[in-house]
Amino acid sequence: MKIAVVGGTGDCGQGFIKRWAGEHEIVIGSRKADKAEAAAAELTRFLKSRGIDSRIKGMDNAAAIEASDLVVLSVPYNFVESMTSNLRESYGDQIVISPVVPMARVGRHFEYTPPAQGSAALLARDLLPPSVRVVAAFHTISYAAFQELDLTLGGDVLIVGDDPEAKEVVADLVRVVKDLRPLDGGPLELAAQVEGLTPLLLNIGRLNKIKNAGINVVSC
């Protein structure tokens, strides 16, 4: 599968690229193609040093999206519109993963600040062509930890979306990472419940001195 990670030159996208590049073709998207190409070359060298063969290319965002089967919106919330409606013609029938969280720091804690649609994922769905299948996921994984290949990431990834096939594709991507478990969280209308876990985990981590806080769903 060919995966475009738009915003892949930033910290948020590095983990997706490092964790998936051994099994899938990765296209890094950036506003400037040369920046994406440089990032692709650097990550290829890094993975090769770890004994991982990879296929990573760099392109501008529009070209990366057009070339992909699946797109990861690895961008801050305020860039969602530029990565969706401004590039609408680049999309066809891709799966789009939204790990985006609208939140703000208020004093010493974080608050969830959803748009009028109710969540970043629903906003993305409204801005994209109806043929695109939006899935919200990866909100409960620390991106700092996700980049560190030596770390074993235990925990659950909650997946919400309206298309069962698209959700299963995303679940398979979760399973690529050892000890991560995908869990179906319901339809996309419930994305706010999942997105809101990110500021909650950040607050819990700070107040309780827990590094890289995540979620495990247990059965008693």
Side-chain angles (χ1 to χ4, degrees), residues 5-19 29-31 35 39 72-85 96-127 134-161 170 173-174 177-218 220:
V5 181
V6 294
T9 58
D11 291 340
C12 184
Q14 298 289 299
F16 293 110
I17 298 166
K18 290 178 180 178
R19 298 279 181 172
S30 180
R31 287 183 299 170
K35 185 177 181 181
V72 182
L73 297 178
S74 182
V75 294
Y77 169 68
N78 57 314
F79 287 102
V80 169
E81 187 168 351
S82 64
M83 289 297 106
T84 53
S85 65
V96 170
I97 298 177
S98 172
V100 180
V101 180
M103 63 182 180
R105 187 158 191 162
V106 181
R108 301 188 65 190
H109 66 276
F110 293 92
E111 292 185 1
Y112 182 55
T113 56
Q117 288 82 353
S119 67
L122 290 175
L123 172 62
R125 184 194 65 183
D126 287 354
L127 294 173
V134 177
V135 177
F138 294 99
H139 302 89
T140 57
I141 301 300
S142 163
Y143 289 120
F146 207 39
Q147 295 182 56
E148 299 297 329
L149 296 183
D150 292 329
L151 289 179
T152 298
L153 300 177
D156 295 320
V157 175
L158 309 180
I159 301 170
V160 296
V170 176
L173 289 173
V174 174
V177 184
K178 184 181 178 182
D179 292 332
L180 281 186
R181 180 176 65 164
L183 291 177
D184 191 336
L188 200 66
E189 291 293 334
L190 302 182
Q193 296 179 10
V194 179
E195 293 177 4
L197 292 173
T198 299
L200 174 64
L201 288 170
L202 290 172
N203 293 332
I204 289 172
R206 183 186 69 81
L207 291 169
N208 298 278
K209 296 181 173 57
I210 298 173
K211 188 176 182 181
N212 301 326
I215 291 287
N216 278 108
V217 179
V218 300
C220 298

Subject >> Member of Ile141, Asp156, Leu180 meeting the side-chain contact (heavy atoms from CB on, under 4.5 Å) criterion with Val174 >> reply: Leu180
Could you report the tightest heavy-atom contact between [X] and [Y], atom names first, then the distance?
X      : Y      : answer
Ile210 : Ile204 : CD1-CG2, 4.2 Å
Gly155 : Asn216 : CA-ND2, 3.5 Å
Val100 : Pro102 : O-CD, 4.1 Å
Val160 : Ala191 : CG2-CA, 3.8 Å

Is [X] reaching over with its side chain to a backbone N or O of [Y], donor-acceptor style, under 3.5 angstrom?
X      : Y      : result
Arg206 : Leu201 : no
Ser85  : Leu127 : no
Glu195 : Ala121 : yes
His109 : Leu202 : no

Is the number of heavy atoms from other residues, nucleotides or ligands under 6.0 Å of [X] [atom1] greater than 12?
X      : atom1 : answer
Arg105 : CZ    : yes
Tyr112 : OH    : yes
Arg31  : CZ    : no

Original post:
With side chains defined as the heavy atoms from C-beta onward, is the minimum distance between Val101 and Pro199 less than 4.5 Å?
Top reply: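 The answer is yes; the side chains approach within 4.5 Å.
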Original post:
Should the ring pair Phe138 and Phe146 be called parallel, tilted or perpendicular, given that the plane angle runs from 0 to 90° and is split at 30 and 60?
Top reply: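 Phe138 vs Phe146 ring planes: tilted.
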Subject >> Non-neighbouring partners of Asp150 that pass salt bridge (Lys or Arg N to Asp or Glu O under 4.0 Å), sequence neighbours left out >> reply: Arg50
